[in-house]
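Both counts, for ligands and for their atoms, begin at 1 and track the order of listing.
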Amino acid sequence: MKILIINAGSSSLKYQFMESEGGEVFAKGLCERIGIDGRLTHKVPGREDVKKDIPMPTHSEAIQAVLDIMVDPALGVIASTDEIAAVGHRVLHGGMAFTESCIIDDACIAAIEKCIPLGPLHNPANLMGIRACQAIMPNTPQVAVFDTAFHMTMPPKAYIYAIPYEYYEKDDVRRYGFHGTSHRYVSARAIDMLGNPEHSKVICCHLGNGSSLSAVVDGKCADTTMGLGPLAGFPMGTRSGDMDATILEYLMGRYGYDIKEMLNILNKKSGVLGISGVSSDFRDLDDAAAKGNERAALALEKFIYEVKKFIGAYASAMGGVDAIVFTAGIGENSIDLRRRICEGLEYMGIQMDAEKNNVRGQEVDVSAEGSKVKIFVIPTNEELMIAMDTAALCKK
Ligand code: AMP
């Protein structure tokens, strides 16, 4: 089935038009500056990228611009929008309501709306994308795929926070976790690569601009590093990761920040950017560290140290580990970071083959011969998961 995948942000909208079986991508692109002016970048494999300034006061004009270019005789890939069998939307927060993807109807929209307090930055934008598609393509089925859904199999001991229980009961405060579609895809690939054993314990390291780890037992998520929101876990590009709440009170008192300003610092100015003062991009940090920048080196060391700690914690929590997976921008591309994360973990049976690890963006087993634990690099493919879920639900 030919599926259009939409990932709507507050002022941007990513799209990909692809085949759900086999994953062939026909076109993809990005609408930027929605609500400001509007710019479209459209990419078709084998052709030159197209960039156009198109007024996009709202997400509706952005979706219309995407459909227009898709059917454009010169730049497009389809003769009519009827060729779009269904639309799959990436939705950030499904709260406790969604354990899997669902066909979008009024009840589904109402449930996504109810999750807005849990995902205040993303869910309203996701809903704008959904509503715009519904208005422009009223007869095309739409499916919502949630970043949180894969993690809903976590047991209570993993998802409960040690605060008064009533906040869980009355206010839905618990660990949810994110990047679920990526963790689902790479853990399933890893289980396949392990030879589909009946029992498997996999640690997925999704290391990108935002980063999270998950512990996956027999294909089901048992724990993950992100929490109620995506700020939790270990340091990321600009996010702090887990934080001692005392620091918030201390800094808010000293500098007079309100909670919004404080959270903006923790979300946008922290992580490896905060420590290094150089960049949130690991390539810049590598360059700076190589030139002797000590804070860039410290930021990298901190990131590696915290990932290592979670690998140890998850191996311990699962009572062992069969495979470690590296995915997303850093996990797929940083040869050095993968090496440094696995270094010193030989006592756990984790042995990397330096030669095999010399790869970028390929699905490959990089563990040394005889390594008790397999180490896989698996390029993530959240879009394929969304397309497959969308097609499966539509066929039902
Ligand atoms: P993502 O959020 O998955 O798109 O990952 C983006 C991040 O991947 C960038 O911010 C970079 O830090 C990182 N990245 C991409 N390529 C490389 C590379 N060759 N070496 C190190 N980091 C990389």
Side-chain angles (χ1 to χ4, degrees), residues 5 7 9 12-16 25 28-30 32 41 43 90 92 121-122 147 150 177-187 189 204-214 224-226 229-241 267-291 293 295-304 306-307 325-343 352 354 356-364 366 376-386:
I5 294 153
N7 183 0
S12 69
L13 182 148
K14 286 189 200 140
Y15 63 95
Q16 184 156 313
V25 177
K28 62 179 175 181
L30 171 69
E32 293 170 282
T41 306
K43 301 179 182 201
R90 181 178 181 183
L92 183 85
L121 297 180
H122 296 84
D147 250 31
F150 179 64
F178 298 89
H179 300 136
T181 313
S182 174
H183 287 289
R184 178 155 66 107
Y185 176 79
V186 298
S187 61
R189 287 298 309 133
C204 301
C205 308
H206 178 109
L207 309 178
N209 213 356
S211 294
S212 65
L213 258 63
S214 67
T224 190
T225 53
M226 284 180 166
L231 181 56
F234 50 93
M236 309 173 208
T238 62
R239 295 188 196 126
S240 63
N267 271 306
K268 304 249 172 79
K269 298 181 180 171
S270 298
V272 292
L273 168 69
I275 296 175
S276 68
V278 171
S279 172
S280 62
D281 192 305
F282 281 67
R283 289 162 290 198
D284 298 338
L285 295 178
D286 282 339
D287 289 348
K291 287 181 191 137
N293 185 313
R295 276 172 53 189
L298 176 62
L300 288 168
E301 229 180 295
K302 174 72 176 168
F303 182 86
I304 291 161
E306 295 294 336
V307 173
V325 181
F326 288 101
T327 194
I330 302 162
E332 291 166 29
N333 295 302
S334 180
I335 295 161
D336 196 49
L337 223 96
R338 289 196 300 257
R339 178 188 62 76
R340 290 175 67 187
I341 288 170
C342 291
E343 204 171 59
M352 182 175 265
K356 290 186 194 159
N357 185 46
N358 202 13
V359 288
R360 289 202 167 98
Q362 285 171 40
E363 189 175 281
V364 53
V366 299
F376 298 136
V377 177
I378 303 179
T380 193
N381 197 341
E382 292 163 273
E383 291 79 12
L384 179 60
M385 282 268 91
I386 295 173

query = For atom NZ of K356, is the number of surrounding heavy atoms from other residues, nucleotides or ligands below 6.0 Å larger than 12?
reply = yes
note = among protein heavy atoms, the one nearest atom 12 (O) of ligand 1 is F282 N, 2.7 Å
task = Drop me the distance from Q362's CD to N333's CG, to the nearest 0.5 angstrom.
result = 10.5 Å
query = What's the spacing between S334 OG and L207 CG if we round to 0.5 Å?
reply = 9.0 Å
task = Could you pull out, from H179, E332, R283, H206, the option with a heavy atom nearest to atom 15 (C) of ligand 1?
result = R283
request  = Starting from atom 3 (O) of ligand 1, locate the nearest protein heavy atom and write down its residue, its atom name and how far away it is, to 0.1 Å.
outcome  = G329 N, 2.8 Å
request  = Look at atom 6 (C) of ligand 1 and say which protein heavy atom is nearest, naming residue and atom and giving the distance to 0.1 Å.
outcome  = N209 N, 3.8 Å
task = Quick one: pull up OG1 in T327 and OH in Y185 and give me the separation to the nearest 0.5 Å.
result = 8.5 Å
note = Among T238, D281, N333, closest by heavy atom to atom 10 (O) of ligand 1 is D281
task = Please report the closest heavy-atom contact between V186 and C204, naming both atoms and the distance.
result = CG2-SG, 3.8 Å
Element-labelled atoms of ligand 1 that are located less than 4.0 Å from some non-hydrogen atom of R360 = 19 (N)
query = Closest non-hydrogen protein atom to atom 13 (C) of ligand 1, residue and atom name please, with distance?
reply = I330 CG1, 3.4 Å
key: Numbered atoms of ligand 1 (with element) below 4.0 Å of G208, judged on heavy atoms   = 1 (P), 2 (O), 3 (O), 5 (O)
request  = State the atoms of ligand 1, each with its element, that fall below the 4.0 Å cut-off from a heavy-atom position in A328.
outcome  = 3 (O)
task = Look only at interatomic distance and state if L207 has a nitrogen or oxygen under 3.5 Å from any nitrogen or oxygen of ligand 1.
result = no
Straight-line distance of N358 CG to R338 CZ, nearest 0.5 Å = 8.5 Å
request  = May I ask you to decide if the ring planes of H183 and H206 are parallel, tilted or perpendicular, using 30° and 60° as cut-offs?
outcome  = tilted
remark   = To the nearest 0.5 Å, atom NZ of K28 lies from atom OH of Y15 at 10.5 Å
inquiry  = Starting from atom 21 (C) of ligand 1, what is the nearest protein heavy atom, named by residue and atom, and what distance separates them?
reply    = S334 CB, 3.6 Å
